[in-house]
Amino acid sequence: MENVPVVSFEDELVALLPRLRRFARALAWNAADADDLCQLSVEKALNARASWQAGTRMDQWMYRIMRNSWIDMARAGKRRGKTFVEEEAGLTVGDGGDRAIEARVELDRVDRAMNRLPDEQREAIALVLVEGLAYKEAAAMLDIPMGTLTSRLVRGREALMQHLGEAA
Amino acid sequence: MTSSDAELAMAYADGELDPLSARRFEKRMAQDAALGEAVAQHRRLRDTLGAAFTNEDARDVSDPLAAMIRQSAGVASLDEAREKRRWRPAPRDWMAGGAVAASLIVGLMIGHGTGQPDVALRDGALVAQAGLGRTLDTQLASAQADDAPVRILVSFQDTGGRYCRAFASGSVDGIACKQGSEWRLQSTRPGTLAARTEFRQAGTDDAELLAQAQTMMAGAPLDAHAEAAASARGWR
């Protein structure tokens with residue numbers, strides 16, 4: 001692998017950023033936590049660059065780093081969490097009426113519903129419904145059997161549908 | 001609905017059933033409206049989540065994290081990069097500062113004392129000339145003096161194929177792209193270099209410009225070799 005130029009690592013990581021940001025947003029439930037999570041994950045990835053094997057899938061490598069970072073943030077008490085969401089949602093509501101604002105309100109609504117799920121269901125949903133991974137890929141990444149993944153998905157989705165109302 | 005039916009409906013909605021199971025499920029769905037409704041609900045949920053988070057990822061075009069990753073290739077401790085990100089206003093803040101930029105540019109065009117000013121207005125476009133123009137033509141990011149009056153931050157090709165260079169100086173920072181024989185200024189802000197040299201902290205003020213360069217860039221920044229070659233060709 002010596003002949004793979006170093007720059008390809010950075011290129012690949014930069015190209016992955018929008019997806020990482022989205023995954024972070026789905027795991028965390030507010031923009032501030034998601035930003036911190038992204039930052040932390042990218043730092044870890046840069047520090048762990050030596051352990052990255054060129055030619056393997058960077059998205060899965062990064063998702064794994066991000067998932068561990070999210071757990072670390074919880075342990076270190078660094079998640080700002082719930083109260084922040086309410087505050088943000090409050091600000092958004094009084095803010096005007098264009099499309100960007102509507103999108104924010106919708107996102108806040110989905111955030112709040114995601115927020116009520118246990119971590120294990122939320123990460124399964126983030127990988128499959130937000131990131132579009134196949135069940136097999138998601139199960140491999142989470143190190144769980146397929147059956148466990150599908151049951152987490154079913155329970156998580158049923159809860160989400162309930163929180164989001166009939167229209168989902 | 002049984003739990004296995006619930007899982008089937010979900011897997012069908014996600015396209016996860018093998019062809020044979022999918023066909024069997026479709027047959028049952030034709031007879032059982034509840035199954036069809038379950039599938040439709042799963043699809044709606046998927047759309048809802050997809051739309052909500054896709055809006056989110058389009059939110060921020062210029063990305064300080066991307067700049068951090070690029071910079072990590074050769075330089076900077078991550079702690080320093082992190083501080084940069086935390087305390088920096090978003091790039092759009094200074095780019096939107098039209099009034100500030102206008103007064104800055106008028107000052108630059110008047111020039112200081114006898115010399116020709118660094119910035120001129122030609123055919124409605126701001127161009128770098130005189131000392132700044134020469135520096136953009138000749139100074140290599142890979143080989144510049146610590147106390148050079150203009151510092152090149154990065155050289156790259158934009159998506160239109162032009163060579164562009166982000167720079168910092170005492171009077172103006174910005175990004176200039178070579179168009180024909182001219183260095184056209186794509187964006188400007190008040191210069192940060194003079195204030196910086198006292199602290200010998202090259203790099204701490206560059207994140208915004210680098211982030212903006214990142215959004216314009218096609219591929220990776222020029223390395224030392226490519227930069228020297230481009231300079232030798234007159235940046236064309």
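Here is how names work: the chains are called A, B, and so on, in the same order as the sequence lines, proteins then strands, and each is numbered from 1. Worth saying up front: this structure is predicted, and the values here are computed from it rather than measured.
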Is there a side chain to side chain contact (heavy atoms under 4.5 Å, CB included) between A:Met161 and B:His42? Walk through the geometry before answering. CA-CA 9 Å; A:Met161 287 177 197; B:His42 279 301; 3.3 Å; yes
Under a 4.5 Å heavy-atom cut-off, does chain B meet the side chain of [X], its backbone, both or neither?
| X | answer |
| --- | --- |
| A:Val154 | both |
| A:Glu131 | neither |
| A:Leu20 | neither |

Rounded distance (nearest 0.5 Å) linking atom [atom1] of [X] with atom [atom2] of [Y]:
| X | Y | atom1 | atom2 | result |
| --- | --- | --- | --- | --- |
| B:Ile69 | A:Glu43 | CD1 | CD | 10.5 Å |
| A:Leu164 | B:Leu49 | CG | CG | 7.0 Å |
| A:Leu129 | B:Met10 | CG | CE | 8.5 Å |

Return yes when atom CZ of B:Arg233 has more than 12 non-hydrogen atoms of other residues, nucleotides or ligands closer than 6.0 Å, and no otherwise.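 Counting neighbours around CZ of B:Arg233, more than 12 heavy atoms of other residues, nucleotides or ligands fall under 6.0 Å, so yes.
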Keeping the roles fixed (side chain from A:Arg157, backbone from B:Arg46), state whether a donor-acceptor pair exists under 3.5 Å.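 A pair under 3.5 Å: no.
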Would you call A:Val14 and B:Leu65 a side-chain contact if the rule is heavy atoms closer than 4.5 Å?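 No, every pair of side-chain atoms sits at 4.5 Å or beyond.
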Engaged part of B:Glu16 at the chain A interface, taking heavy atoms whose separation is under 4.5 Å: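 Contact with chain A involves the side chain of B:Glu16 alone.
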Measuring heavy-atom distances to chain A, does B:Ala9 have an atom under 4.5 Å in its side chain, in its backbone, in both, or in neither?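 The answer is neither part of B:Ala9.
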